[in-house]
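What follows is a short report on a single structure.
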Protein chains: 2
Amino acid sequence: MTIQPSACPSGDEKVELFGLLLETNARLARTLGLELEAECDLPLAWFEVLLQLRRASESRLKMNQIADAIVHSTGGTTRLIDRLVEAGLVVRESCPSDRRAIYVAMTNAGDAKLDEALGVHLSYLDKNLAGRLSATERTTLAGLLVKLNASA
Amino acid sequence: MTIQPSACPSGDEKVELFGLLLETNARLARTLGLELEAECDLPLAWFEVLLQLRRASESRLKMNQIADAIVHSTGGTTRLIDRLVEAGLVVRESCPSDRRAIYVAMTNAGDAKLDEALGVHLSYLDKNLAGRLSATERTTLAGLLVKLNASA
DNA sequence: GACAAATAGTTGTAAAGGCAACTATACTGG
DNA sequence: CCAGTATAGTTGCCTTTACAACTATTTGTC
């Protein structure tokens, strides 16, 4: 009844790969999250929102775009943005062309906070990404992830 | 209209890669989690535990090994295992050589549940992994993730 | 135009997980 | 052997998030 670990851990190469993806991600997210929290007092989810906003044209996105970008439920995103607003890092703005929609835009404080966090993030990445993968490998990895991510 | 990864103002290649990793993982985990939940009534975290147990010699692991393998806190793991025990999928066994430690072992029901879940998982993987990456690409990806994961 | 369906966002409720404090057991140096 | 420290696991308390139900608005159809 027991399965030999060396013979067939759980059998399938794809199962292994998926498990590896989950584990790698969980570890990196945990490490970075703790570091951001400790050095900038910024939860990882907040950092992700700010990063998405900076990427966006005019530094603003609608609620549903944020939810999609950071892969949260819409309800969860509402609460998350509530907290960012309360912290003064973003503001909600109404959308003239669609009165259901709400824009979320960065404040100056949010912008500054993101700069600070990016500093920590980059030093983290130097340790944990660049220290382990060459530039070529990183490019390859990014390409594979893009494929994986396509229209998931 | 919003997100322009190519013209990204926060533009470090490593930041991009990290974001991609987070996003890919979140999407895949979300999709698989929903599928497992819908078809087997099995939360993803439970699945991960059962998978780790099957991989282990004698189908059992100590609490801290589980916590480490699935990247949870020890407190969180205690609660998670509580739920699995209540569902009859695993049992706790005392460790004769160290009275602080506790083994978690699969029950027959847990073993059967894992078989069922692996069926769903594999069909999911065929759609979402094999459909997007060739066998060679999957091997490459696995290799890169192992490097990334090393002693995180 | 009006009604049905789709879409954007919020809220109630509940579950999952983290951290820190705690208990119990094991190890280590004197 | 004893004190001090390290380790295994559990528990209290809290935050975060998901899901489903709900409101408000828009769009598509006739």
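Computed from a predicted structure; not experimentally measured. Reminder, nothing fancy here: chain letters follow the sequence lines and each chain counts from 1.
- With sequence neighbours left out, the side-chain contact (heavy atoms from CB on, under 4.5 Å) criterion links B/Asp115 to B/Arg54, B/Asp111.
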Nucleotide N/O to protein N/O under 3.5 Å, stretch nucleotides 1-3 of chain C:
none

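- The salt bridge (charged side-chain N to carboxylate O under 4.0 Å, His left out) check on B/Arg79 picks up nothing, with sequence neighbours excluded.
- The distance between atom CE of B/Met63 and atom C1' of D/dT11, rounded to the nearest whole Å, is 12 Å.
- Scanning for ring-ring contact (aromatic ring centres under 6.0 Å, His included) contacts around B/Phe47 gives B/His121, with sequence neighbours left out.
- Listed by first then second residue, pairs satisfying side-chain hydrogen bond (donor to acceptor under 3.5 Å, both in side chains) with a partner in residues 43-52 of chain B number zero, not counting sequence neighbours.
- As rounded to whole Å, 7 Å separates atom C1' of C/dG9 from atom CD1 of A/Ile102.
- Taken from CD1 in A/Ile81 to CD1 in A/Ile102, the straight-line distance is 10.5 Å, to the nearest 0.5 Å.
- For A/Ser134, the side-chain contact (heavy atoms from CB on, under 4.5 Å) test picks out A/Thr136, A/Glu137, with sequence neighbours left out.
- A/Lys113 and A/Glu116 are joined by a salt bridge, as a carboxylate oxygen and a charged side-chain nitrogen come within less than 4.0 angstrom of each other.
- With rounding to whole Å, B/Glu93 atom CD is found 13 Å from D/dG9 atom P.
- Using a cut-off of 4.0 Å between Lys/Arg side-chain N and Asp/Glu carboxylate O, A/Arg138 and B/Glu16 are scored as not salt-bridged.
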Where protein sits on nucleotides 16-25 of chain C, one letter per nucleotide: B base, S sugar-phosphate only, - none, heavy atoms under 4.0 Å:
SSBS----BB
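- Phosphate contact (OP1/OP2 of C/dT7, side-chain N/O of A/Asn64, threshold under 4.0 Å): absent.
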The dot-bracket string of DNA chain C, counting Watson-Crick and G-U wobble pairs with both distances under 3.5 Å, using [ ] for crossing pairs and | for pairs to another strand, is ||||||||||||||||||||||||||||||
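- Each salt bridge (charged side-chain N to carboxylate O under 4.0 Å, His left out) pair with one or both residues in residues 63-78 of chain B, not counting sequence neighbours, appears once here: A/Arg27-B/Asp68.
- Put simply, B/Leu44 and B/Leu118 are part of the same group of oily side chains (I, L, V, M, F, W, Y) that touch within less than 4.5 Å, one to the next.
- As rounded to whole Å, 16 Å separates atom C1' of C/dA8 from atom CZ of A/Arg60.
- Per the geometry, CD belonging to A/Gln65 stands 9 Å off P belonging to C/dA8, to the nearest Å.
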Give me the distances for all protein-to-nucleotides 1-4 of chain D N/O pairs that come in under 3.5 Å?
none

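- Whole-Å rounding puts the B/Lys62 NZ to D/dG9 P distance at 7 Å.
- Remark: A/Ala112 engages no residue in a side-chain contact (heavy atoms from CB on, under 4.5 Å) (not counting sequence neighbours).
- B/Val104 and B/Leu42 fall within a single hydrophobic cluster, where Ile, Leu, Val, Met, Phe, Trp and Tyr are joined by side-chain heavy atoms under 4.5 Å apart, directly or via other members.
- Listed by first then second residue, pairs satisfying salt bridge (charged side-chain N to carboxylate O under 4.0 Å, His left out) with a partner in residues 119-128 of chain B read A/Lys14-B/Asp126, B/Glu35-B/Lys127, not counting sequence neighbours.
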